[in-house]
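Worksheet for the structure shown next.
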Amino acid sequence: MRAALSLCLIAALAPCPALAQPRFDDLAGALPVEHVYSGGWEHFVGGGVAVFDCNGDDQPDIFVAGGAGPARLFINRQVDPLQYDIGTAVPSLTGVTGAYPIDIDSDGAVDLAVLRVGENHLLRGDGRCGFTDAGAQWGFETADRWTTAFSATWGAAARWPTLAFGNYVDRHDPNGPFEACDTNTLYRPTPTGFAAPQRLDPGFCALSILFSDWRRTGTADLRLSNDRHYYVRGGYEQMWSLSPLRELDATDGWDRVSIWGMGIASTDLQHDGYPDVMLTSMGDQVLQYNTGGQLTNADYARGATAHRPHVGDDGRPSTGWHAEFGDIDNDGRADLFIAKGNVDQMPSNAMRDPNNLLMQQDDGTFAEASVAAGIASPARSRGAALADLDLDGRLDIVVVNRRAPLEIWRNVTATKPAATVDLRQTGANTFAIGAWLEIARPGGSEWRERTIGGGHGSGTLLPLHIGMGDADTVQVRVHWPDQTIGPWHSLTPGARVTLMP
């Protein structure tokens with residue numbers, strides 16, 4: 001379906017009323033075994049989780065990194081009560097730092113890009129929660145590296161995606177680990193898979209990367225968030241253009257900054273069609289507002305710096321890892337979850353550093369709610385995911401902890417259910433990566449970009465979650481990756497729809 005504009009809502013953005021205080025129940029018992037991300041120095045970063053539907057039953061399944069221990073696939077057996085089985089039709093892998101769901105070969109079944117200390121793997125899904133290593137078949141050349149980040153995008157008319165892998169410290173540099181950051185790798189598509197990797201040099205110890213059309217040009221650029229602790233000096237946050245392949249600079253509207261970069265989250269907070277960005281770090285978490293492709297740091301009054309533990313008397317700086325936006329209370333505003341935890345025993349940073357649940361208020365500021373919500377765990381958290389695991393219209397939380405059990409938090413907030421919109425295409429890029437969903441509410445519009453990447457070693461590939469606020473209906477339409485625009489559709493609370501061009 002191709003349609004011109006049939007509905008236009010032009011109004012000042014009106015605040016949505018808060019519906020309820022967030023509440024969560026501990027559902028770690030839904031797992032058949034206790035799962036821990038373990039290991040020594042080479043696993044103090046990473047610890048990611050992929051949440052997706054591996055068998056087409058609409059129930060979100062979980063693949064989680066194990067570090068020195070085994071990675072595991074947990075298959076969602078039932079949603080009420082939530083119960084998981086261990087998936088057995090998947091290669092046995094250790095050394096896994098993270099994973100991202102993606103349909104690489106566009107066959108409609110979700111595959112996995114698995115990041116490791118060692119060789120990375122591309123696992124082809126069979127649509128029944130079975131996975132086989134298809135890297136050699138697809139021409140994927142990998143090497144013994146310390147990979148900690150991933151993102152993917154589809155070029156115009158490309159059958160296969162472009163893949164980017166972010167690598168941390170060069171394990172083979174005898175002068176490391178300080179000032180020994182590895183270069184990153186880019187895989188361009190061929191008609192049947194992937195060409196030999198290209199180096200993205202210099203590398204500054206990437207811990208999160210994200211393809212995003214942050215300037216709304218119709219083409220995604222690649223953002224890298226880098227760990228200043230190991231590049232020590234001379235490094236910075238990076239943005240790469242793919243065509244031609246080059247680093248962007250101030251002449252492109254990209255001002256270089258240096259932080260202890262850990263994770264990236266992106267969403268349209270200003271309701272202007274441009275993705276705003278949250279960067280986690282050791283110390284201040286940095287919220288950047290994107291105005292027409294120009295990035296500016298939010299001020300302290302926004303309440304998003306999360307620079308110290310919000311409970312306890314430890315005044316040392318926080319260490320932020322995975323960040324993710326999602327509407328926790330379904331009030332129509334994007335909230336923010338940040339996984340926190342000391343690297344190990346770093347004395348300069350807080351040891352007991354609970355995760356943040358920052359609820360967006362009607363004036364655009366953020367207020368901490370994790371203690372009241374019951375999720376202020378003191379474990380050293382790393383990767384995470386926001387996903388409606390039990391299909392009740394509320395976002396639950398999965399948290400990977402270093403040397404502590406995986407956590408599952410069921411959202412029991414008293415709120416009307418959200419609507420969901422899945423995006424699908426025939427041919428290549430079946431999940432419409434790079435599409436934008438425009439959501440028109442009574443007071444204005446917001447936009448959601450469909451991406452793969454960001455976070456910290458963690459990604460989801462699920463329908464887009466749309467909190468309804470106090471509205472009985474909202475209107476949505478899709479701006480597809482080929483720049484065509486679909487018609488408007490009405491959504492009601494609890495609706496689950498799939499849109500196609």
Side-chain angles (χ1 to χ4, degrees), residues 149-156 158 161-167 179 181-188 197-228 230-281 284-299 302 304 323 433-434 436 447 449 451-454 479 481 483:
F150 175 82
S151 191
T153 189
W154 267 259
T162 296
L163 309 180
F165 290 81
N167 301 310
E179 299 186 64
C181 291
D182 204 348
T183 57
N184 303 302
T185 46
L186 184 72
Y187 293 82
R188 304 275 195 171
Q198 296 175 270
R199 294 173 58 186
L200 296 180
D201 195 4
F204 297 124
C205 292
L207 284 176
S208 185
I209 61 179
L210 178 65
F211 278 114
S212 172
D213 185 9
W214 65 289
R215 296 182 293 182
R216 296 304 303 269
T217 64
T219 302
D221 297 317
L222 179 64
R223 179 169 194 153
L224 296 93
S225 192
N226 300 312
D227 187 1
R228 182 177 176 181
Y230 279 98
Y231 67 69
V232 183
R233 60 182 63 87
Y236 45 85
E237 302 286 279
Q238 294 169 289
M239 186 79 82
W240 287 82
S241 169
L242 295 188
S243 183
L245 185 62
R246 66 179 182 89
E247 275 194 82
L248 302 187
D249 57 27
T251 62
D252 305 290
W254 173 253
D255 293 323
R256 291 175 175 173
V257 297
S258 295
I259 60 174
W260 288 268
M262 307 289 195
I264 302 171
S266 178
T267 198
D268 175 20
L269 292 174
Q270 299 185 101
H271 301 259
D272 61 358
Y274 287 83
D276 307 299
V277 177
M278 185 72 187
L279 306 174
T280 58
S281 175
D284 291 354
Q285 319 312 309
V286 180
L287 176 61
Q288 292 188 324
Y289 286 112
N290 182 351
T291 304
Q294 294 294 318
L295 300 169
T296 57
N297 290 352
D299 58 35
R302 289 290 179 181
I433 306 306
W436 290 83
W447 301 70
E449 183 182 19
T451 61
I452 291 177
H479 297 240
Q483 307 304 301

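Owing to the predicted nature of the structure, the values given are computational and were not obtained by experimental measurement. Keep in mind that the numbers below use all heavy atoms, side chains included, and drop hydrogens, waters and symmetry copies.
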If we only count heavy atoms from C-beta on, is the [X] to [Y] side-chain gap below 4.5 Å?
X	Y	answer
S258	F204	no
I209	N184	no
T219	L242	no
L200	L222	yes
N290	Q288	no
D268	D276	yes

Original post:
Got a sec, which residues hit ring-ring contact (aromatic ring centres under 6.0 Å, His included) with F165, two or more places apart in sequence or on another chain?
Top reply: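 If we apply the ring-ring contact (aromatic ring centres under 6.0 Å, His included) test to F165, skipping adjacent residues, the hits are F140, F150, Y187.
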Residue set satisfying ring-ring contact (aromatic ring centres under 6.0 Å, His included) with W447, at least two apart, ordered chain then number -> H479
Please report the closest heavy-atom contact between [X] and [Y], naming both atoms and the distance.
X	Y	answer
P481	G434	CG-C, 4.1 Å
A323	A265	O-CB, 3.4 Å
A206	G166	CB-CA, 4.1 Å
W214	D221	NE1-OD2, 2.9 Å

I'd like a table of donor-acceptor pairs (distance under 3.5 Å, sequence neighbours excluded) in which one partner is a side-chain atom from residues 245-253, with atom names and distances.
residue: R246; atom: NH1; partner: D252; partner atom: OD2; Å: 3.2
residue: R246; atom: NH2; partner: D252; partner atom: OD1; Å: 2.9
residue: E247; atom: OE1; partner: Y236; partner atom: OH; Å: 3.3
residue: E247; atom: OE1; partner: Q238; partner atom: NE2; Å: 3.4
residue: E247; atom: OE2; partner: Y236; partner atom: OH; Å: 3.4
residue: D249; atom: OD1; partner: T251; partner atom: N; Å: 3.0
residue: D249; atom: OD1; partner: T251; partner atom: OG1; Å: 2.4
residue: D252; atom: OD2; partner: D249; partner atom: N; Å: 3.0

Next on the checklist: For W154, I'd like to know if atom CH2 has over 12 heavy atoms of other residues, nucleotides or ligands within 6.0 Å.
Outcome noted: yes
With rounding to the nearest 0.5 angstrom, report the [atom1] to [atom2] distance, [X] to [Y].
X	Y	atom1	atom2	answer
S225	R223	OG	CZ	7.0 Å
E449	T267	CD	OG1	9.5 Å
L295	Y274	CG	OH	11.5 Å
L279	L207	CG	CG	12.0 Å
I264	L210	CD1	CG	5.5 Å
F211	S151	CZ	OG	5.5 Å

**OP:** Begin with the C-alpha distance, continue with both residues' side-chain angles, and end with the deciding distance and a verdict on side-chain contact (heavy atoms from CB on, under 4.5 Å) for E237 and N226.
**Re:** CA-CA 6 Å; E237 302 286 279; N226 300 312; 4.1 Å; yes
Next on the checklist: Strictly distance-based, threshold 3.5 Å: is any side-chain N or O of R216 a donor or acceptor partner for the main-chain N or O of G273?
Outcome noted: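 Side chain of R216 to backbone of G273: a pair is present.
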